[in-house]
Number of protein chains: 2
Amino acid sequence: MKTRPPRATISDVARTAKTGKTSVSRYLNGEVNLLSPDLKARIEQAIAELNYRPSQMARGLKRGRTRLIGLIIADITNPYSVDVLSGIEAACRAQGFTLLMCNTNNEVDLEQHYLQLLSSYQVEGIVVNAVGMHEEVLNRLQQSMLPMVLIDRKIPDFACDVVGLNNLEASNIATQHLLENGYQALLFLSEPLGSVNTRRERLRAFYDTVKNTAHVQAENAEVALHQPDALETLLRDFHQRHPGKNCAVIAANGALTLQVARALQRLQLRWGESIGLLGFDELEWAALAGVGITTLKQPTWQIGYAALEQVIARIEGSETAIREQLFSGELIVRGSSQPLR
Amino acid sequence: MKTRPPRATISDVARTAKTGKTSVSRYLNGEVNLLSPDLKARIEQAIAELNYRPSQMARGLKRGRTRLIGLIIADITNPYSVDVLSGIEAACRAQGFTLLMCNTNNEVDLEQHYLQLLSSYQVEGIVVNAVGMHEEVLNRLQQSMLPMVLIDRKIPDFACDVVGLNNLEASNIATQHLLENGYQALLFLSEPLGSVNTRRERLRAFYDTVKNTAHVQAENAEVALHQPDALETLLRDFHQRHPGKNCAVIAANGALTLQVARALQRLQLRWGESIGLLGFDELEWAALAGVGITTLKQPTWQIGYAALEQVIARIEGSETAIREQLFSGELIVRGSSQPLR
DNA sequence: CTGTTAGCGCTTTCAC
DNA sequence: GTGAAAGCGCTAACAG
């Protein structure tokens with residue numbers, strides 16, 4: 001049994017440097033000006049010699065500050081989540097925090113489990129990436145009394161900082177674009193609306209935008225992400241119900257856009273030729289699929305970064321009013337939304 | 001200033017239950033059989049009442065076991081990494097460990113920083129997802145003396161458990177497939193080989209497989225991921241150098257496949273029509289790009305899961321010989337590798 | 001069966 | 001300037 005050497009402790013350092021733990025602690029905490037150059041040098045030497053690293057465990061225990069931030073993600077395989085994660089991660093680094101990442105896989109029990117876990121590790125705050133999260137799961141989150149910031153979605157009747165997309169503006173831009181390109185029948189497709197504000201806002205702006213244009217049919221439908229058959233039927237019906245008209249579909253998020261593209265492919269309806277298509281969320285493969293898929297790109301990285309800055313502000317004691325930070329999306333035009341015929 | 005109520009401690013529970021901390025501790029650690037039903041009930045009651053959760057910090061400090069696993073990822077935006085992460089995450093859950101996730105962004109300094117960080121949080125072991133990791137970064141990892149498992153890649157001259165793909169078999173299957181479909185000029189494309197065993201093995205099996213077939217040109221090239229122009233030139237040259245022959249490209253990983261597809265698109269070379277294409281790593285959009293892209297799918301989730309099981313085995317003290325766990329890939333045939341003409 | 005006690009590695013009064 | 005000593009919340013002997 002190859003036993004690892006036990007880590008050096010602050011006492012080891014003190015002994016080696018022929019001093020007390022207090023001075024070492026002071027050194028570690030940057031109170032260097034209080035130390036004589038000689039002592040400082042001895043401590044430095046001892047630390048290097050022993051390859052000493054202070055234990056965050058002990059530190060956290062003593063000070064109550066762990067410099068840990070909890071992150072709860074509903075579905076890590078969602079590309080949106082990954083980009084956001086990347087931004088959060090960068091912000092953590094910049095601010096000297098460490099991320100405890102939990103993927104709830106959209107299972108309610110897990111979510112509960114992780115919330116307790118984060119709490120037991122004394123995280124100082126949590127960020128919830130609600131993208132793809134079931135509503136029930138999200139609602140349970142209120143229980144946590146930690147500083148918390150939501151990404152993408154609000155919890156109804158729960159005052160909490162939120163960072164996300166300016167949905168009304170984005171949806172307006174997207175819809176307007178399709179109208180300008182001569183589409184006459186528009187279908188707004190989303191996962192079940194529930195009380196998810198994101199979906200509802202996008203939908204509302206969609207209808208509001210269309211309202212001002214005569215001779216345009218606007219409708220919407222809700223479909224579960226993992227029901228390809230239902231989706232296929234929906235799309236076929238929509239297309240057949242509007243013969244002679246230019247039809248277009250707006251998919252309310254990236255995961256759905258993928259499913260829609262697959263369904264259209266099975267139906268042999270080519271986007272940009274027989275039907276228009278526009279999806280929320282940029283996709284790395286958007287340019288490669290057929291004539292390309294027009295997307296509404298969110299500044300995902302910035303959203304993640306901003307969210308973390310916000311939790312930290314709360315952790316540092318900011319008591320300003322609940323803040324809702326909205327970012328603008330950007331329309332990336334590709335073939336799928338070109339004028340038909 | 002809305003101050004949060006301080007968390008209840010084990011002493012609070014003991015007091016409320018009118019007993020000592022020891023009994024509470026016993027209760028927490030499942031040594032329930034040693035407690036009288038009455039006492040047990042009182043403790044249960046007190047815990048519920050105070051909403052008590054033991055502090056992992058204190059526990060870790062005392063026992064030296066933090067139940068924390070460090071994960072080092074070079075590039076979290078790589079889809080392969082995400083899938084692996086998902087498997088690791090599931091295994092953690094199953095085994096009662098928590099993940100401390102670090103994304104090094106492929107920066108050497110960061111990697112060093114994180115290694116120290118993980119160590120200071122007393123992680124019990126680390127998993128390194130080397131996919132996309134720079135060699136220099138990987139090499140530095142040897143310093144850590146923690147139980148460690150590598151995913152995808154080995155570190156030259158460093159004995160360490162590895163979990164990954166059976167590269168020789170997979171590359172053989174892929175190459176064979178192209179040969180059977182009548183391709184006569186094959187280009188194996190990878191990022192700079194360096195001493196990355198994964199790339200070298202795939203390349204070797206490629207040549208070994210082709211060797212047995214007469215009248216087939218085999219060549220390979222190395223290209224950096226973020227040099228689209230170089231890639232474009234490379235592909236154009238390759239195609240033009242073999243007039244009248246059926247040409248095919250093998251991309252050694254998913255990130256590269258994306259770049260190749262983009263380059264071919266710019267060159268107006270359509271896969272499955274003017275050129276063959278096959279990529280390692282399954283991509284969610286593979287079926288949507290033109291006639292579809294044939295891929296060699298890795299069991300990413302399983303690889304992640306297995307990796308975590310392996311670190312845990314080491315943590316639990318397994319002293320068996322260094323283990324190399326290889327999984328078989330699966331060829332997903334799509335239009336891009338169909339016989340041309 | 002149950003409780004007392006002594007630390008885990010660190011920070012922080014409080015004295016010198 | 002420096003260090004001794006008292007805990008942070010918990011577990012693990014060791015006694016009853």
Side-chain angles (χ1 to χ4, degrees), chain A residues 4-44 46-47 50-68 116-117 119-124, chain B residues 4-44 46-47 50-68 116-117 119-124:
Chain A
R4 274 190 306 287
R7 297 162 45 92
T9 77
I10 199 173
S11 303
D12 298 333
V13 176
R15 201 176 319 112
T16 309
K18 303 204 188 312
T19 175
K21 314 195 282 180
T22 314
S23 299
V24 180
S25 175
R26 289 201 177 106
Y27 174 86
L28 294 175
N29 292 287
E31 301 165 27
V32 186
N33 43 346
L34 303 178
L35 299 175
S36 70
D38 171 52
L39 181 50
K40 176 163 174 268
R42 266 153 48 215
I43 293 178
E44 235 150 30
I47 288 181
L50 299 171
N51 195 266
Y52 166 75
R53 305 282 159 229
S55 154
Q56 295 297 342
M57 287 291 166
R59 234 187 240 221
L61 182 58
K62 184 66 189 162
R63 297 210 285 201
R65 301 168 67 232
T66 58
R67 306 282 90 180
L68 245 28
Q116 292 190 4
L117 186 95
S119 153
S120 70
Y121 276 105
Q122 319 264 82
V123 298
E124 298 186 42
Chain B
R4 273 190 306 285
R7 297 163 44 92
T9 78
I10 198 173
S11 303
D12 298 332
V13 176
R15 201 176 322 112
T16 307
K18 305 204 186 313
T19 174
K21 312 195 283 180
T22 313
S23 298
V24 180
S25 176
R26 289 205 177 101
Y27 174 85
L28 294 175
N29 291 288
E31 301 164 28
V32 186
N33 43 345
L34 302 179
L35 299 175
S36 69
D38 171 51
L39 181 51
K40 175 162 175 269
R42 265 154 49 215
I43 294 178
E44 235 150 28
I47 289 181
L50 299 170
N51 195 269
Y52 166 75
R53 305 284 157 226
S55 153
Q56 295 296 342
M57 286 291 165
R59 236 185 235 217
L61 181 58
K62 181 67 186 164
R63 299 209 284 200
R65 301 168 66 231
T66 57
R67 306 282 89 180
L68 245 28
Q116 292 190 4
L117 186 93
S119 154
S120 71
Y121 276 104
Q122 318 265 82
V123 298
E124 298 187 41

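Hydrogens, waters and symmetry mates play no part in the numbers below; they use all other heavy atoms, side chains included. Protein chains get the first letters and strands the later ones, always in sequence-line order, with residue 1 at the start of each.
Taking A:Glu31 as the reference, nothing meets the side-chain hydrogen bond (donor to acceptor under 3.5 Å, both in side chains) condition, with sequence neighbours excluded. With sequence neighbours excluded, the residues satisfying side chain to side chain contact (heavy atoms under 4.5 Å, CB included) with A:Thr66 are A:Leu68, A:Gln122, A:Glu124, B:Met57. The side chain to side chain contact (heavy atoms under 4.5 Å, CB included) check on A:Thr22 picks up A:Arg26, with sequence neighbours excluded. Applying the side chain to side chain contact (heavy atoms under 4.5 Å, CB included) criterion to B:Ile10, with sequence neighbours excluded, gives B:Lys21, B:Val24, B:Ser25, B:Leu28, B:Tyr52. Residues forming a side chain to side chain contact (heavy atoms under 4.5 Å, CB included) with A:Ala17 (at least two apart in sequence, or on another chain): A:Thr19, A:Arg42, A:Ile43, A:Ala46. With sequence neighbours excluded, no residue forms a side-chain hydrogen bond (donor to acceptor under 3.5 Å, both in side chains) with A:Ser120. Here B:Tyr27 pairs with B:Glu44 under the side-chain hydrogen bond (donor to acceptor under 3.5 Å, both in side chains) rule; sequence neighbours left out.
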| remark: Expected string for nucleotides 9-16 of chain C under the B/S/- scheme (protein heavy atoms, under 4.0 Å, primed atoms plus P, OP1, OP2 as sugar-phosphate) is BBBB-B--

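Comparing the axis of the opening five pairs of the helix from C:dC1-D:dG16 to C:dC16-D:dG1 with that of the closing five pairs yields an angle of 40°, rounded to 10°.
Of all nucleotides in DNA chain D, those with any atom nearer than 4.0 Å to a heavy atom of chain B start and finish, going 5' to 3', at D:dG9 to D:dC14.
Pairs engaging residues 54-64 of chain A under the salt bridge (charged side-chain N to carboxylate O under 4.0 Å, His left out) rule: none recorded [sequence neighbours left out]. Residue pairs that meet the salt bridge (charged side-chain N to carboxylate O under 4.0 Å, His left out) test with at least one member in residues 10-20 of chain B, sequence neighbours left out, are B:Asp12-B:Arg15.
In this structure, A:Lys40 NZ and A:Asn33 CG are separated by 10.0 Å, a value rounded to the nearest 0.5 Å.
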